[in-house]
Amino acid sequence: MPLQDTHALTFSLTVPPDFRFAPCLDYMARSDNESLFEVRDGGVNRLLLLSGEPVLLRITAEEEQTLTVRVLAGAWKGEAARVEAERYIRDWFDLDRDLEPFYRLAMGHGVLGGLAREFNGLRLVGVPDLFEALCWAIVGQQVNLAFAYTLKRRLTETYGDSLEWEGRIYRHFPRPGQLAAAEPEALGALQLTRMKSAAVLDVARRMSGGALSREGLLALGSFRAAEEQLLQIRGVGPWTSQYVRMRCLRDPEAYPVGDVGLHNAVRLLLGLDRKPTLPELQALFADWPGWEAYAAFYLWRALY
DNA sequence: GTCCAGGAAAAGG
DNA sequence: CCTTTTCATGGA
């Protein structure tokens with residue numbers, strides 16, 4: 001592989017005034033079994049596919065109102081790669097959203113006010129890649145997070161691209177085409193259940209065939225229409241579709257209302273001795289019109 | 001061994 | 001159409 005002279009290549013992104021990188025890193029460092037990026041020394045390293053080539057980037061916040069991106073390794077395709085990287089990172093950290101209205105709503109709110117102060121500057125860290133987002137949600141169904149991370153790691157290590165740099169291996173989540181031809185038994189060997197295997201393979205085939213894509217979902221014109229298309233997939237139910245709306249499609253009103261973790265967070269923060277009921281949840285989220293996704297993300301954050 | 005986990009499909013009414 | 005049961009697997 002021709003390793004171009006990328007070691008000196010650096011560029012920067014402007015960030016909104018209410019952005020802070022530290023709480024985003026804290027969130028991303030919540031699992032020591034994360035396989036798709038590495039939070040280390042005040043920054044995050046991640047392998048991205050830019051113009052089809054694996055490129056290892058490091059993101060830090062060294063100056064005010066700025067994220068610094070260093071190209072550490074890989075085949076750098078110049079301006080096209082920079083545009084792609086910038087688009088990915090702005091999406092990943094939701095850099096084009098003004099959180100001021102959210103914080104104004106949270107201020108004075110008993111539960112969320114405290115969280116808004118504790119995690120001030122935290123962005124809804126997204127999963128820009130639709131295949132990764134769908135697979136992450138599918139493997140995360142009804143299993144504890146620790147096991148979900150293990151399943152994601154196995155999929156990534158078995159089917160994804162990788163690049164070694166300074167003695168460490170950085171990995172990219174498989175592309176749909178890399179999984180589409182896999183046998184269900186092969187995924188079963190990674191400890192995915194039959195339903196998870198079938199769902200992941202169905203998504204891989206739809207996406208590699210072009211029948212399903214993030215752009216296609218967004219082009220439908222409404223998040224509700226996108227959700228209906230997602231629900232056609234066997235193994236994708238309400239929780240998964242809402243999760244993908246929230247973290248990949250970035251529907252600001254989406255949140256997984258049936259989520260066990262969300263229920264636990266609300267129970268904890270409201271001091272309930274039981275899970276909140278659906279009407280209680282709906283009443284709670286009615287306080288944040290247009291900011292339901294952020295409210296849920298901050299509530300979720302309180303647990304970890 | 002038990003209970004649970006960032007659910008979904010199938011069965012039952 | 002709404003409610004209950006089954007499936008499935010590792011972590012604590």
Side-chain angles (χ1 to χ4, degrees), chain A residues 26-36 111 115 119 122-127 129-130 132-158 173 184-203 206 227-251 253-270 272-282 284-285 292-304:
Chain A
D26 290 342
Y27 165 74
M28 290 192 294
R30 66 188 173 148
S31 169
D32 55 12
N33 200 20
E34 173 64 61
S35 47
L36 299 180
V111 171
L115 294 176
F119 299 112
L122 172 67
R123 298 270 151 170
L124 202 172
V125 178
V127 184
D129 182 270
L130 177 64
E132 179 192 325
L134 271 166
C135 290
W136 172 235
I138 289 165
V139 302
Q141 291 167 1
Q142 191 62 16
V143 301
N144 58 69
L145 266 176
F147 184 45
Y149 275 106
T150 295
L151 292 176
K152 182 171 80 164
R153 170 179 292 282
R154 288 176 183 164
L155 284 174
T156 299
E157 290 181 345
T158 307
F173 193 76
E185 295 74 21
L187 300 190
L190 305 182
Q191 304 306 120
L192 277 78
T193 62
R194 275 193 292 276
M195 199 178 65
K196 288 187 198 299
S197 297
V200 163
L201 288 176
D202 190 10
V203 169
R206 288 175 192 246
E227 176 164 332
E228 283 175 13
Q229 185 174 337
L230 291 174
L231 289 172
Q232 302 303 310
I233 303 166
R234 188 178 169 83
V236 173
W239 179 86
T240 301
S241 59
Q242 289 159 0
Y243 186 93
V244 169
R245 277 173 67 165
M246 174 186 175
R247 293 201 64 195
C248 179
L249 304 182
R250 289 206 172 278
D251 175 1
E253 301 180 357
Y255 68 100
V257 66
D259 181 76
V260 174
L262 187 62
H263 295 170
N264 289 338
V266 171
R267 176 172 61 181
L268 177 71
L269 293 167
L270 295 185
L272 304 176
D273 58 355
R274 50 166 176 76
K275 286 168 61 170
T277 65
L278 181 57
E280 284 174 330
L281 285 166
Q282 289 168 336
L284 181 61
F285 280 85
E292 289 89 343
Y294 261 88
F297 194 73
Y298 271 66
L299 289 171
W300 236 348
R301 191 69 191 94
L303 285 181
Y304 302 104

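Since this is a predicted model, take the numbers as computed values, not measurements. Chain letters run A, B, ... following the sequence lines, proteins first and then strands; every chain starts at 1. Side chains are part of it too, since the values below use all heavy atoms of this structure and drop only hydrogens, waters and symmetry mates.
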For [N] and [X] - does any side-chain N or O of the residue sit under 4.0 Å from the phosphate oxygens OP1/OP2?
X      : N      : result
A/N144 : C/dT9  : no
A/R154 : C/dT9  : no
A/T150 : C/dG10 : no
A/Q142 : B/dC4  : no

[X] [atom1] - [N] [atom2] separation (whole Å):
X      : N      : atom1 : atom2 : answer
A/L192 : C/dC7  : CG    : C1'   : 15 Å
A/L262 : B/dG7  : CG    : P     : 11 Å
A/N33  : B/dA5  : CG    : C1'   : 16 Å
A/H263 : B/dC4  : NE2   : P     : 15 Å
A/I138 : B/dA9  : CD1   : C1'   : 14 Å
A/Y149 : C/dA12 : OH    : P     : 14 Å
A/L151 : B/dG7  : CG    : P     : 13 Å
A/R153 : C/dG10 : CZ    : C1'   : 16 Å

Quiz item: Nearest to the side chain of A/T193 - C/dG11, B/dA8, C/dT9?
Solution: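 Of all the options, the side chain of A/T193 is nearest to C/dT9.
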Quiz prompt | Nucleotide of B/dA8, B/dA5, C/dT9 approaching A/N264 most closely (side-chain heavy atoms) | solution = B/dA5
Quiz item: With nearest nucleotides of DNA chain B determined for A/D259 and A/V236 from heavy-atom distances, which residue corresponds to the more 5′ nucleotide?
Solution: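 Between the two, 5'-proximity favours A/D259.
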Quiz item: So which one's nearest nucleotide on DNA chain B is more toward 5', A/V260 or A/R234?
Solution: A/V260
Exercise. Look at the side chain of A/Y255 and the backbone N and O of A/M246, then say whether any donor-acceptor pair between them is shorter than 3.5 Å.
Key: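 No; judged by distance alone, with no hydrogens or angles, the pair does not exist.
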Self-check item: Ionic contact status for A/E280 with A/R274, cut-off 4.0 Å
Solution: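 So A/R274 pairs with A/E280 through a salt bridge.
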Quiz item: Hey, is A/K152 close enough to A/E34 for a salt bridge, meaning N to O under 4.0 Å?
Solution: yes
Quiz item: What heavy-atom pair brings A/L269 and A/A302 nearest, and what distance separates the two atoms?
Solution: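 Answer, listing the atom of A/L269 first, then A/A302: CD1-CB, 4.1 Å.
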Quiz item: Hey, does A/V143 reach any base, or is it just sugar-phosphate, or nothing, if we go heavy atoms under 4.0 Å?
Solution: base
Quiz item: Do A/R153 and A/Y149 have side-chain N/O donor and acceptor atoms under 3.5 Å apart?
Solution: no
Quiz item: Is there a donor N/O on one and an acceptor N/O on the other, under 3.5 Å, for the side chain of A/Q141 and the base of B/dA8?
Solution: no
